[in-house]
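Since the structure comes first, as structure tokens, the remarks are kept for the end.
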Amino acid sequence: MPFLDWYLRCSLATWLLLHSFVLMCFCFQPATTFPKGCYPSQEDGYKTLRCSNAQLTEVPKDIPNDTHRLYLDFNQITYLPSDAFHNLPVLIELDLSHNSLGRLDIASLRGLSDHLHSLDLSSNKLVTVSKEVFANLKARTNLSGNPWMCDCELQEMIRLLELEPGSSSGIVCANSILEEHAGKPFLQVVKEVDLCNVYKKTTDVAMLVTMFGWFAMVISYLVYYVRQNQEDARRHLEYLKSLPSKQRHSEEPSTLSTVV
């Protein structure tokens with residue numbers, strides 16, 4: 001009887017330990033790590049990661065791939081490298097406003113064209129961006145508050161995009177291929193003039209000026225060459241006149257051939 005009692009107690013203890021171990025395996029999953037300064041939340045049923053004002057200088061590499069909304073605003077990010085968001089297959093909103101972005105790699109937004117709904121690039125340092133960066137992108141885009149260079153490249157890029165409603169007035173020409181457009185809203189400028197047509201005319205004029213310059217150089221050289229030969233011939237004739245009569249007649253044929 002004592003042995004049976006001991007056996008039952010040992011069996012019960014073993015079963016409790018095994019049960020506790022199974023519960024621990026199910027209940028304690030590895031914790032998801034987030035970039036430093038970033039905080040996850042659930043907003044309107046979407047997984048959101050807020051990294052606002054986190055003193056970031058580049059896009060974090062350990063963003064969870066099930067993130068729907070990503071806020072990287074108010075940081076010091078200066079550059080978007082190639083495939084910066086390629087591991088975020090369900091991202092629908094990306095906020096990169098109030099950074100120091102001055103350059104976007106041509107493939108920096110690759111992989112976002114099918115699902116991204118909203119892209120905020122406002123209040124950065126973008127001057128010019130290749131239209132290839134936004135190829136096939138369907139997201140509403142905010143480009144306001146950047147020091148844009150208003151030229152044909154910007155005009156062609158904006159034609160590809162669906163701008164965020166109300167943001168177009170904030171796209172202002174910090175510089176332009178025509179100086180009188182500096183400081184004006186981009187939409188006002190393109191209503192007045194086709195920047196691509198102006199660029200073509202400017203290129204044509206530059207080519208004509210270059211050709212005229214070369215032509216003027218060639219003409220100047222020819223004039224100089226002819227005048228120099230005439231001066232040499234005149235001096236030679238004066239020299240011959242100063243010679244005695246017999247010596248002058250002997251050298252006249254060579255002088256005539258020189259003048260010819």
Report yes or no: does [X] contribute a side-chain atom to a donor-acceptor pair with the main-chain N or O of [Y] at less than 3.5 Å?
X	Y	answer
S167	E164	yes
N124	L126	no
N75	C51	yes

Salt bridge or not for R140 and E162, using N-O below 4.0 Å?
-> no
Does the side chain of [X] reach to within under 4.5 Å of the side chain of [Y], using non-hydrogen atoms?
X	Y	answer
F134	L119	yes
E192	K184	yes
K47	T67	no

Can you name the residues that form a side-chain contact (heavy atoms from CB on, under 4.5 Å) with T48, not counting sequence neighbours?
-> S41, E43, R50, R69, Y71
Excluding sequence neighbours, so at least two apart, what forms side-chain contact (heavy atoms from CB on, under 4.5 Å) with H86?
-> D83
Describe, in one word, how the ring planes of F74 and H98 are oriented to each other, choosing from parallel (under 30°), tilted (30 to 60°) and perpendicular (over 60°).
-> parallel
Rounded to the nearest 0.5 Å, how far apart are OG of S82 and CD1 of I106?
-> 9.5 Å
Where L112 and L88 come nearest, the two heavy atoms and their spacing = CD2-O, 4.2 Å
